[in-house]
Amino acid sequence: MIRFHPSARQLTDFVEGTLSPAISLMVSAHCDMCEKCQRFVEIETERLAEDLVSGAGVGDKLGVSLQLDEMLSQITQLPTASQIESKAIKPNNAVASPRNQEANISQRKATNAIELDGRVFTLPRTLHRYIDKTGNWSSLVGKLWQAPVDLGNQGVANFIFMGRGGSVPEHTHRGTEYTLVIDGEFSDGLNRYDTGDFIFMDGEKTHTPKSDDKDGCLVFSIVDQPLHFTSGLARLLNPFSHLFFR
């Protein structure tokens with residue numbers, strides 16, 4: 001069940017096209033997974049259409065109406081949450097440990113999914129166009145795997161997989177972090193998150209993401225500054241934090 005959503009202001013700005021490209025990408029991907037936010041966007045689009053048409057001259061109204069009809073059609077054709085629910089496909093028996101099978105980690109060359117060690121994760125429609133821009137998986141500490149996503153100048157993005165018991169050391173943020181849960185569940189000492197949740201973090205919050213899900217958890221994350229580790233030996237990583245989740 002999705003519990004964390006973009007704010008009403010963010011959804012309205014998304015409809016009006018005033019969000020930054022990175023945040024707009026995250027909001028759009030969340031809307032692919034969330035019927036509630038899809039409906040909000042639909043209503044706001046209708047409101048915007050009415051405002052634009054009422055403010056247009058007689059000669060402009062037909063053109064504005066046609067453009068907004070096309071926009072609304074695209075939004076209402078978004079897949080429902082049940083259609084895009086991310087599914088993990090396993091081999092006949094239990095999946096081997098990614099740590100022991102690192103050589104077999106590969107990126108699925110498909111139009112709607114990525115693969116990690118034989119598990120296939122279907123992505124929300126908005127992210128399909130970034131599959132070919134996703135790099136190879138690399139193993140990090142703590143049962144973590146990372147695959148960078150090239151967004152150009154929109155931001156620094158990664159798919160991050162936390163195996164069962166895997167965690168990111170306690171940290172805060174020098175900038176902002178937006179995270180979308182693609183498949184599975186995780187907690188961070190602040191809340192518990194499920195598939196489809198939209199999460200915002202900044203320097204005012206300190207957390208320790210960890211997955212206890214038996215199948216692990218896949219997230220998509222965008223940051224604009226490196227993490228700042230705050231606990232134990234992990235603080236020694238701060239001079240090199242730009243190398244993690246970059």
Side-chain angles (χ1 to χ4, degrees), residues 1-49 71-87 112 121-130 149 151 154-162 168 172-173 175-213 216-224 245:
M1 176 180 173
I2 299 175
R3 296 175 51 228
F4 297 92
H5 307 266
S7 67
R9 181 71 261 172
Q10 286 175 320
L11 289 170
T12 299
D13 289 346
F14 171 69
V15 171
E16 296 177 351
T18 58
L19 290 178
S20 71
I23 300 175
S24 182
L25 173 64
M26 295 296 283
V27 170
S28 179
H30 170 80
C31 287
D32 288 343
M33 306 179 75
C34 178
E35 294 177 348
K36 176 181 176 180
C37 290
Q38 285 183 36
R39 180 55 182 159
F40 187 101
V41 166
E42 182 179 324
I43 292 171
E44 282 299 294
T45 301
E46 292 172 349
R47 178 193 61 77
L48 179 63
M71 180 190 302
L72 183 58
S73 175
Q74 292 174 353
I75 292 173
T76 55
Q77 289 175 13
L78 286 172
T80 64
S82 59
Q83 289 174 319
I84 54 77
E85 181 177 4
S86 187
K87 297 180 180 179
N112 66 348
F121 299 93
T122 301
L123 301 180
R125 189 178 70 173
T126 296
L127 299 182
H128 291 179
R129 65 182 181 271
Y130 293 101
V149 182
L151 299 184
Q154 295 183 29
V156 178
N158 290 277
F159 287 109
I160 300 170
F161 181 79
M162 292 178 280
V168 181
T172 185
H173 300 273
T176 60
E177 175 188 67
Y178 287 88
T179 300
L180 179 67
V181 184
I182 303 297
D183 185 274
E185 302 176 1
F186 80 94
S187 61
D188 65 354
L190 301 175
N191 288 290
R192 177 169 290 277
Y193 310 100
D194 204 344
T195 300
D197 278 334
F198 176 97
I199 307 158
F200 169 73
M201 292 287 165
D202 59 16
E204 296 183 359
K205 299 175 182 178
T206 298
H207 65 154
T208 309
K210 179 180 180 180
S211 178
D212 290 319
D213 192 310
C217 182
L218 177 70
V219 303
F220 178 69
S221 178
I222 298 179
V223 298
D224 58 8
F245 310 110

Below 4.5 Å, heavy atoms only, C-beta onward: do F161 and F121 meet side chain to side chain?
-> yes

Side chain to side chain, I182 and L127, heavy atoms closer than 4.5 Å = yes

Aromatic centroids of Y193 and F186 separated by under 6.0 Å = yes

Search all heavy atoms of R192 against all heavy atoms of R3 and return the closest pair with its distance.
-> O-NH1, 3.2 Å

How close do I222 and A22 get, heavy atom to heavy atom, and via which atoms?
-> CD1-O, 3.8 Å

So H30 and H5, would you call those rings parallel, tilted or perpendicular, with 30° and 60° as cut-offs?
-> perpendicular

Distance-minimising heavy-atom pair for T195 and G184 | OG1-N, 3.0 Å

How far apart are the C-alpha atoms of V149 and F220, what are their side-chain angles, what is the distance that settles it, and do they pass the side chain to side chain contact (heavy atoms under 4.5 Å, CB included) test?
-> CA-CA 9 Å; V149 182; F220 178 69; 4.0 Å; yes

Using a distance-only test with no angle check, is there a side-chain donor-acceptor pair under 3.5 angstrom linking T176 and D224?
-> yes

Spacing of F198 atom CZ and C34 atom SG [to the nearest 0.5 Å] | 11.0 Å

Spacing of H128 atom NE2 and D32 atom CG [to the nearest 0.5 Å] | 7.5 Å

Can you find a pair of side-chain heavy atoms, one from I43 and one from R47, that are under 4.5 Å apart?
-> no

Is the closest side-chain heavy-atom distance between K205 and L190 below 4.5 Å?
-> yes

Does the side chain of L11 come within less than 4.5 Å of C31's, by heavy atoms?
-> yes

Determine the minimum heavy-atom distance between E16 and L48, stating which atoms define it.
-> CA-CD2, 4.5 Å

I2 side chain near D197 side chain, heavy-atom distance below 4.5 Å = yes

Looking at CG of D194 and CG of D213, how far apart are the two atoms once the value is rounded to the nearest 0.5 Å?
-> 8.5 Å

Could you grab the distance from atom OG of S7 to atom CG of D13, nearest 0.5 Å is fine?
-> 7.5 Å

Shortest non-hydrogen pair, T126 vs S28, comes out as OG1-OG, 2.7 Å

Find out whether L180 and M33 are in side-chain contact, i.e. whether some heavy atom of one side chain is under 4.5 Å from a heavy atom of the other.
-> yes

Report the distance from atom CD of Q10 to atom CE of M26, rounding to the nearest 0.5 Å.
-> 10.5 Å

Give, for atom CG of D183 and atom CZ of F159, the distance between the pair rounded to the nearest 0.5 Å.
-> 12.0 Å

Any idea which heavy atoms bring L151 and A157 closest together, and the distance?
-> CD1-CB, 3.4 Å

